[in-house]
Amino acid sequence: MTQIHGQLEPLTPEELTGCFPFLAETFPENELKPLNRLLELYRRGIYDMWKLVDGGTVHGYALLLRGEGCRYVLLDYLAVPDKGRGWGTACLALLQARYPQGILVEAEAPLPGLPEEELALRQRRLRFYQRSGFVPCPFDNCVFGVVYLIHLWAPVLPEDRNALCARELYRYYRMQLPQQMLEKHVTIEGLCPSKEEHL
């Protein structure tokens, strides 16, 4: 059983602005939304922002999308300054307690042909989520040229989890992107973003 350290506290817009340089160092440029986009999602009331605090020190950040009509929340970003000390696992455990309905995550696919170091990093990330009970959904999505593998954690896994999770992702991207951009830059395996029946 995971030993949980610290607690989640709300991350203010000002704090997000202050830690954004760290996020920019942690995530590739083509994966990190601009700061003004993140703040806009927060102002719209569909973005939860948390910091993991223990003993007055911040040990992690978690940003999640949640939408009306969506069964699960989507973990947008999880960043831990002190890697390898269990803070990432602790943060996930706290998020699972706070969002007992279930959490979706996207992790970069370990594609053939990647440099060895990058391939190993992506494989470690997948194992990290799987150790915390996240189950892979056997479909891919490609967002602005980045291929992700989808994982779901939920107390009870639905029989139709693949189709359900694909629809959930589509809803989340539709919340964030204009239709034309959605059709051009987002491909969810098995779904056509131009068809309304996926809503």
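Worth knowing before you read on, the calculation uses all heavy atoms, side chains too, and leaves out hydrogens, waters and symmetry mates.
Residues passing the ring-ring contact (aromatic ring centres under 6.0 Å, His included) test with Y129, sequence neighbours excluded: F134. Taking the side-chain contact (heavy atoms from CB on, under 4.5 Å) definition, one finds that A109 meets it with L111, V147, L149, sequence neighbours left out. When the side chain to side chain donor-acceptor pair (under 3.5 Å) test is applied to D48, the partners found at least two apart in sequence or on another chain are R66, Y99. Residues satisfying the side-chain contact (heavy atoms from CB on, under 4.5 Å) test with C19, not counting sequence neighbours, are L11, L16, L23, Y61. Here E40 pairs with nothing under the side chain to side chain donor-acceptor pair (under 3.5 Å) rule; sequence neighbours left out. For E15, the salt bridge (charged side-chain N to carboxylate O under 4.0 Å, His left out) test picks out K51, with sequence neighbours left out. The side chain to side chain donor-acceptor pair (under 3.5 Å) search around Y42 returns none, not counting sequence neighbours. Remark: F144 engages H185 in a ring-ring contact (aromatic ring centres under 6.0 Å, His included) (not counting sequence neighbours). Legend: residues meeting salt bridge (charged side-chain N to carboxylate O under 4.0 Å, His left out) with K33, ordered by chain and number and at least two apart, are D76.
To the nearest 0.5 angstrom, R161 atom CZ is 11.5 Å from L104 atom CG. Atom NE2 in H59 sits 6.5 Å away from atom CG in D82 (nearest 0.5 Å). From S132, atom OG reaches atom CG of L92 across 4.5 Å, with rounding to the nearest 0.5 Å. The structure places CE of M49 at 6.5 Å from CG of L39, a figure rounded to the nearest 0.5 Å. For the atom pair OG1 of T89 and CG of L94, the computed distance is 11.0 Å after rounding to the nearest 0.5 Å. One finds the CG atom of L95 at 5.5 Å from the CG atom of L8 (value rounded to the nearest 0.5 Å).
The minimum heavy-atom distance between V73 and Q101, with the atom names listed, is CG1-NE2, 3.6 Å. The two residues L182 and Y170 have their closest heavy-atom pair at CD2-CE1, 3.7 Å. Heavy atoms only, all atoms of each residue included: F139 and N162 are closest at CE2-O, 3.4 Å. Smallest separation of non-hydrogen atoms from C91 and L78: SG-CD1, 3.6 Å. Between E108 and P28, the shortest heavy-atom distance links the atoms OE2-CG, 4.3 Å. Among all heavy-atom pairs drawn from G18 and P21, the shortest one is O-CD, 3.4 Å.
Under the 4.5 Å side-chain criterion, counting only non-hydrogen atoms from C-beta, P13 is not in contact with L38. No side-chain heavy atom of R174 sits under 4.5 Å from any side-chain heavy atom of R171. Here the side chains of P158 and L152 are in contact, with some heavy-atom distance below 4.5 Å.
When the side chains of ILVMFWY residues are joined at heavy-atom separations under 4.5 Å, either directly or via intervening members, V146 and L119 end up in two distinct hydrophobic clusters. A continuous path of hydrophobic side-chain contacts links F128 to W87 [ILVMFWY only; heavy atoms under 4.5 Å]. Transitive grouping of hydrophobic side chains (ILVMFWY, heavy atoms separated by less than 4.5 Å) brings F27 and L65 into a common cluster. Taken together through direct or relayed side-chain contacts under 4.5 Å among Ile, Leu, Val, Met, Phe, Trp and Tyr, L169 and L157 form part of one hydrophobic cluster. V143 and M181 fall within the same hydrophobic cluster, defined by Ile, Leu, Val, Met, Phe, Trp and Tyr side-chain heavy atoms under 4.5 Å apart, directly or through other members.
For residues 148-160, the pairs satisfying side-chain hydrogen bond (donor to acceptor under 3.5 Å, both in side chains) are Q130-H151, with sequence neighbours left out. Identified under the side-chain hydrogen bond (donor to acceptor under 3.5 Å, both in side chains) test for residues 110-121, with sequence neighbours left out: E118-R122. Under the salt bridge (charged side-chain N to carboxylate O under 4.0 Å, His left out) criterion, no residue pair touches residues 142-151, with sequence neighbours excluded.
The side chain to side chain contact (heavy atoms under 4.5 Å, CB included) with L64 is formed by just one residue from the set Y77, W50, Y47; it is W50.
Not one N or O on the side chain of E106 forms a donor-acceptor pair closer than 3.5 Å with the backbone of N141.
Ion pairing between R71 and E168 fails under the 4.0 Å rule for side-chain N and carboxylate O.
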